[in-house]
Trainee: 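First the structure, which I've put down as structure tokens, then a few questions once you've had a look.
If you're wondering where the values come from, they're calculated on a predicted model, not measured in any experiment. By convention in this document, chain letters (A, B, ...) are assigned in the order of the sequence lines, proteins followed by strands, and residues within each chain are numbered from 1. Atoms considered below: every heavy atom in the structure, side chains included; atoms not considered: hydrogens, waters and symmetry mates.
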There are 2 protein chains.
Amino acid sequence: MGPATFGSIKLVVKNIFEIENLIHHINTFIPVSSELKNRLKSICKIETFPKGHFLHKPESTCLNTYFINKGLVRIYYLKDDKEITDNFAAENEWITSIYSFLKNIPDHFHIQTLETTELAGISLNDLEECFKDYPEMERFGRMLISAYFLEQSERIISLQFNSARERYQFFERTSKNKLQRVLPLGMLASHLGMTQETLSRVRAS
Amino acid sequence: MGPATFGSIKLVVKNIFEIENLIHHINTFIPVSSELKNRLKSICKIETFPKGHFLHKPESTCLNTYFINKGLVRIYYLKDDKEITDNFAAENEWITSIYSFLKNIPDHFHIQTLETTELAGISLNDLEECFKDYPEMERFGRMLISAYFLEQSERIISLQFNSARERYQFFERTSKNKLQRVLPLGMLASHLGMTQETLSRVRAS
DNA sequence: GAATTAAATTGATATAAATCAAAAAATATA
DNA sequence: TATATTTTTTGATTTATATCAATTTAATTC
């Protein structure tokens, strides 16, 4: 889809979000040299998608990992025709269908925007080349995935033996920034491993 | 504790497991130069512990990450005075109390050997120095934690909406090597997020 | 090898959460 | 604004699993 046209006037909507925010994010882990910065500029595809857009669909290979600059995205799969939301990502967070992305094979997940979303996509190949050329970037990669690993560890404990109420409170505590934004609530319910009705009752009391 | 003495004869029990197995393991991810190999030899503390030994206890900081050469280890925590086993590690697998180890702060986990266990321990500091001096080792670190991240992702899905039977079947499928070794079964039950009685009934039918 | 202890199984009951169904509230559309 | 649609809440019932208790089996220890 090209730029919108009104009579003979083309409206080219410039992407305000160059990659300053992403650079700043990476810079909280490692120093970012100007060369690395330039490399990142060249490999990041910056795009804005409307609500409801699919970044990845089942039976396809997830080609990119995405850094969310603005907006909200979820990753989900179908179990018995019901959507189970695995996770969400908002500002300054990353999302990809990790198995498909890392192994470069198709999988069964959907990645979908829940709001108008501004993001930077990086392909596996570009990322790996960047890792090779910039060891500090590989370091960032290790630190980032470690941070997500810790987050997952806590979620496993939350799912292992906590009640529905405790799991909701865990989300309240750890994902404040998403609490008001994840709608409809069925998405949140499935993420927390409970039905929509149970979530409603938990929230009511 | 020094070598055992019997009269005037000192028995120095040599550690057969130098670190060949660990090197081979790392080599499945990255090429291991002889310099890196020497560095690894110098930073790995190789030890053998009897069954029941604690590698890490609550209220202390987990100082090492451990590569298991032989044996079986679990990590667990207490919830309402009951032991909840978070995970197991056997041959060629790694274990640490990840949050405590990476953040260098105390936590509430126990790491305990379930069999006589031969392992290599590496301190955070030595590991970080090694990452700095050998970018390929940092690469290994990234790849390893990525692999564990994938494993965790699957476990989350297993816990999110699967029945007790499905969770047990998941363990059967993904942890064959531990199925006969994790005893008593209460440890396995808690790992799978169910009671011992439920596990017994699942296995019976 | 008998006695003791620990672990696993089996049974009966309780409970948290799922399911099914309907009503109410919120949102979108004409 | 009224109507239609979607989402959320509430209610009644069912179900999987937890809990409590007892028994059987297996593993230690004397």
Trainee: I would like to know whether A:R167 and A:V202 meet side chain to side chain contact (heavy atoms under 4.5 Å, CB included); could you show each step before the answer?
Mentor: CA-CA 10 Å; A:R167 300 200 301 278; A:V202 162; over 6 Å; no
Trainee: Evaluate B:F101 against B:H56 for ring pair (Phe, Tyr, Trp, His ring centres under 6.0 Å), listing each step before the verdict.
Mentor: CA-CA 10 Å; B:F101 178 69; B:H56 171 58; over 10 Å; no
Trainee: To the nearest Å, how far apart are B:L185 CG and D:dT25 C1'?
Mentor: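 In whole Å, D:dT25 C1' lies 13 Å from B:L185 CG.
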Trainee: Is the shortest heavy-atom distance from the side chain of B:L124 to the side chain of B:L63 under 4.5 Å?
Mentor: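 They are not in contact (no side-chain heavy atoms under 4.5 Å apart), so the answer is no.
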Trainee: Rounded to the nearest angstrom, tell me the gap between atom CZ in B:R167 and atom C1' in D:dA18.
Mentor: 12 Å
Trainee: What is the separation between atom CG on A:L188 and atom C1' on D:dT7, rounded to the nearest whole Å?
Mentor: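 Value for this atom pair: 14 Å.
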Trainee: Is the shortest distance from a Lys or Arg side-chain nitrogen in B:K37 or B:E20 to a carboxylate oxygen in the other one below 4.0 Å?
Mentor: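 Salt bridge present between B:K37 and B:E20.
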Trainee: Atom CD of B:Q160 to atom P of C:dA18: distance rounded to whole Å?
Mentor: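 About 12 Å, once rounded to whole Å.
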Trainee: Can you find a pair of side-chain heavy atoms, one from B:F149 and one from B:I145, that are under 4.5 Å apart?
Mentor: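 No - every pair of side-chain heavy atoms lies 4.5 Å or more apart.
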Trainee: Using whole Å, report how far CZ of A:F161 lies from C1' of C:dA16.
Mentor: 14 Å
Trainee: Is B:Q196 near enough to C:dT9 that one of its side-chain N or O atoms lies under 4.0 angstrom from OP1 or OP2?
Mentor: no
Trainee: When you check the side-chain N and O atoms of B:Q152 and A:S153, is any donor under 3.5 Å from an acceptor?
Mentor: yes
Trainee: The side chain of A:M194 is closest to which nucleotide in this list: D:dT8, C:dA18, C:dA8?
Mentor: C:dA18
Trainee: C:dA16 P sits how many Å from A:N162 CG, rounded?
Mentor: 15 Å
Trainee: In this structure, which one of A:N69, A:T28, A:N21 forms a side-chain hydrogen bond (donor to acceptor under 3.5 Å, both in side chains) with A:N92?
Mentor: A:N21
Trainee: Are the ring centres of B:H25 and B:F140 closer than 6.0 Å?
Mentor: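 Yes, close enough.
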Trainee: Please give, in whole Å, the distance from C:dA8 C1' to B:M187 CE?
Mentor: 14 Å
Trainee: When every nucleotide of nucleotides 24-30 of chain C is labelled 5' to 3' by its protein contacts under 4.0 Å (heavy atoms), B for base, S for sugar-phosphate only, - for none, what sequence of letters results?
Mentor: -------
Trainee: Does the side chain to side chain contact (heavy atoms under 4.5 Å, CB included) test come out yes or no for B:R155 and B:H191, once each step is laid out?
Mentor: CA-CA 11 Å; B:R155 187 156 166 234; B:H191 171 68; 3.3 Å; yes
Trainee: Near DNA chain C, which residues from residues 197-205 of chain A have a heavy atom under 4.0 Å away?
Mentor: A:E197, A:T198, A:R201
Trainee: Side-chain N or O of A:T195 versus OP1/OP2 of C:dA18: is the shortest distance under 4.0 Å?
Mentor: yes
Trainee: To the nearest Å, how far apart are B:D80 CG and D:dT19 C1'?
Mentor: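 Nearest whole value for this atom pair: 13 Å.
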